[in-house]
Amino acid sequence: MSWWQHAVVYQVYIRSFADGNGDGVGDIAGLTARLPYLADLGVDALWINPWYPSPMADAGYDVADYCGIEPDYGTLEQAQEFLAAAHHAGLKVILDIVPNHTSEAHRWFAAALADAPGARERYHFRPGRGPDGSQPPNGWQSVFGGPAWSRVADGSWYLHLFAPAQPDLNWEHPQVRAEFERVLRFWFDRGVDGFRIDVAHGLVKAPGLPDQAPEADAEGDPAMLDGAAHPAWDQDGVHAIYRGWRAVAGEYLPERVFIAEAWVADNDRLARYLRPDELHTAFQFDFLRAPWRASSLRAVLDDAMAAAAGVGAPPTWVLSNHDVTRTVTRYARSQPPHLVGADWERRRWAQEQADHELGRRRARACALLQLALPGTAYIYQGEELGLEEVEELPDEARQDPTFVQSGFADVGRDGCRVPLPWSGHAAPYGFSPAPVATWLPQPPHWGAHSVAAQRDDPESFLALYRAALASRREHWLAAGALQWLPSPPDVLAFSRGDLQCWVNTSDHPVSLPSSSKVLLSSTTGALGSATGESTALPADSAVWLCRSSRRHAAES
Ligand code: GLC
């Protein structure tokens with residue numbers, strides 16, 4: 001098996017991981033200094049959110065130069081040193097490529113604004129509708145809210161599916177295709193092991209940029225995160241681009257790999273990105289949209305595994321990332337009966353008090369579920385510390401363009417992007433080397449969740465992740481196919497060879513099979529006894545069992 005078929009990848013949101021130079025913003029120096037922490041955690045690879053020069057209209061997803069490093073984060077030389085140090089520590093490095101749009105500060109867009117010959121053809125410029133052209137060319141809405149079109153000084157309009165500062169590229173243009181293959185080689189030549197592809201399903205638009213059928217969505221909302229059909233998303237033409245990219249990756253040894261961010265209608269559509277001559281992996285987002293309910297989780301897992309198996313790709317499990325509410329908070333309230341939109345929690349959070357202790361119990365259990373599954377798994381920084389969404393950020397601190405563009409209806413994604421607490425009892429909790437205002441403020445109680453506070457506590461979140469990652473490596477990687485076991489209602493149970501994973505999403509304890517040893521449990525403290533001899537698995541917890549006489553790591 002190749003590493004990318006079973007890897008655990010840690011997502012580094014570089015702006016909020018660790019600050020080396022003391023300006024309150026994370027950077028490459030901070031990340032490099034913390035590599036021992038990541039190696040010790042036991043992950044196989046890192047995915048780094050965009051680190052390129054950017055005006056930061058969308059936290060770096062507005063790229064001004066794809067072959068440079070954002071000065072706030074460091075230099076290209078530091079990036080190369082970091083790559084060498086990561087590889088030395090046994091970690092692969094995946095970068096984030098943003099091909100759907102550039103920054104408005106990119107040289108191509110500057111040329112387009114200046115109306116240099118041919119420059120506008122690399123983007124989607126169109127005349128407006130109406131007698132004076134004052135209406136946008138079509139009714140598409142931006143993912144962040146408001147029209148997907150902005151007007152330039154001479155009256156033309158350009159398309160931006162995200163912020164106005166993120167003009168969409170025209171992927172029918174041969175220069176666009178050639179340029180991104182050059183960018184891939186630029187980083188592959190420097191030893192980068194792969195790319196996460198931002199908005200991988202958005203590059204090609206339906207010819208003529210038609211309005212969608214009126215019955216599809218009366219508001220013209222691309223609703224990217226809900227996977228709704230729309231002429232801007234998941235067009236068949238996108239696959240030829242990825243066949244070309246796969247060929248570029250195949251020029252290298254070891255082969256470089258891709259992971260798609262593609263919010264599409266269903267897993268059959270997703271699997272099309274994973275055909276053998278296309279991308280290697282794609283995030284399985286249904287897992288992070290599923291409520292804490294055994295039946296929903298099982299349906300999501302079955303569907304994802306079947307679709308991935310159909311094209312010979314590993315399923316890729318993700319519980320949170322920099323775009324969605326943190327797992328602890330998502331599980332801290334009553335659970336809906338169905339899959340939700342990825343921004344669902346942000347729109348209702350004020351209505352129901354969050355019970356973070358409950359959320360933490362469930363998040364610990366779900367971590368054991370995630371890490372026992374076949375395929376690859378992504379951990380978003382801070383997930384291993386059990387951090388909750390910072391919902392109480394002051395409005396003036398919020399930076400996500402979603403907040404403004406949604407007319408303040410959606411508070412946006414800043415709450416999952418707050419700088420990590422490393423040590424100490426007051427902000428910046430070791431994130432920066434000395435007291436400084438971090439780019440987003442950290443909550444007053446985060447000292448209790450810092451790395452230093454958890455490091456030596458065997459019952460901490462961090463200890464659970466460390467133990468789970470070590471145990472996964474030792475036991476689960478070679479464990480074989482997943483088979484569901486009979487289990488009580490609201491309980492998930494499966495075996496893979498001699499190993500079993502039991503997850504109790506009900507509100508009462510359930511008995512575990514008496515012949516098994518406990519390898520690892522998500523509970524703090526001892527597992528209780530059910531009636532008679534058998535061990536009980538408490539509500540909202542999970543356990544790894546071993547059927548054979550293997551030595552158990554943490555029997556309670
Ligand atoms: C992806 C990124 C998100 C960004 C958007 C536009 O969804 O994950 O953070 O805002 O693309 O680039």
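Counting starts at 1 for both ligands and their atoms, in listed order.
Remark: ligand 1 atoms within the under-4.0 Å shell around heavy atoms of R196 are 2 (C), 8 (O). Close contacts of ligand 1 with E261, meaning ligand atoms under 4.0 Å from a residue heavy atom, involve 1 (C), 7 (O), 8 (O). Of all atoms in ligand 1, listed by their number and element, those nearer than 4.0 Å to a heavy atom of H322 are 2 (C), 3 (C), 8 (O), 9 (O). With ligand atoms numbered from 1 in the order given, ligand 1 contributes 6 (C), 12 (O) to contacts under 4.0 Å with heavy atoms of H101. Atoms of ligand 1 lying under 4.0 Å from at least one heavy atom of R417, given by number and element, are 9 (O).
Test Y242, W245, F188 against F195 for ring-ring contact (aromatic ring centres under 6.0 Å, His included) and you get one pass: F188.
Aromatic ring orientation, W292 versus Y331: tilted (interplanar angle from 30° to 60°). Taking the six-membered ring where the residue is Trp, W422 and F17 present perpendicular rings, their angle passing 60° and hence far from 30°. Below 30°, between 30° and 60°, or above 60°: for W187 and W51 the angle between ring planes is between 30° and 60°, a tilted geometry.
For H160, no heavy-atom contact with ligand 1 is shorter than 4.0 Å. Contacts between F144 and ligand 1, counted as non-hydrogen atom pairs separated by less than 4.0 Å, involve the side chain only.
In this structure, R364 forms a cation-pi arrangement with F461, its terminal cationic atom sitting closer than 6.0 Å to the ring centre and no more than 45° off the ring axis.
P314 has its side chain out of reach of H6: every pair of non-hydrogen atoms, C-beta onward, lies at least 4.5 Å apart.
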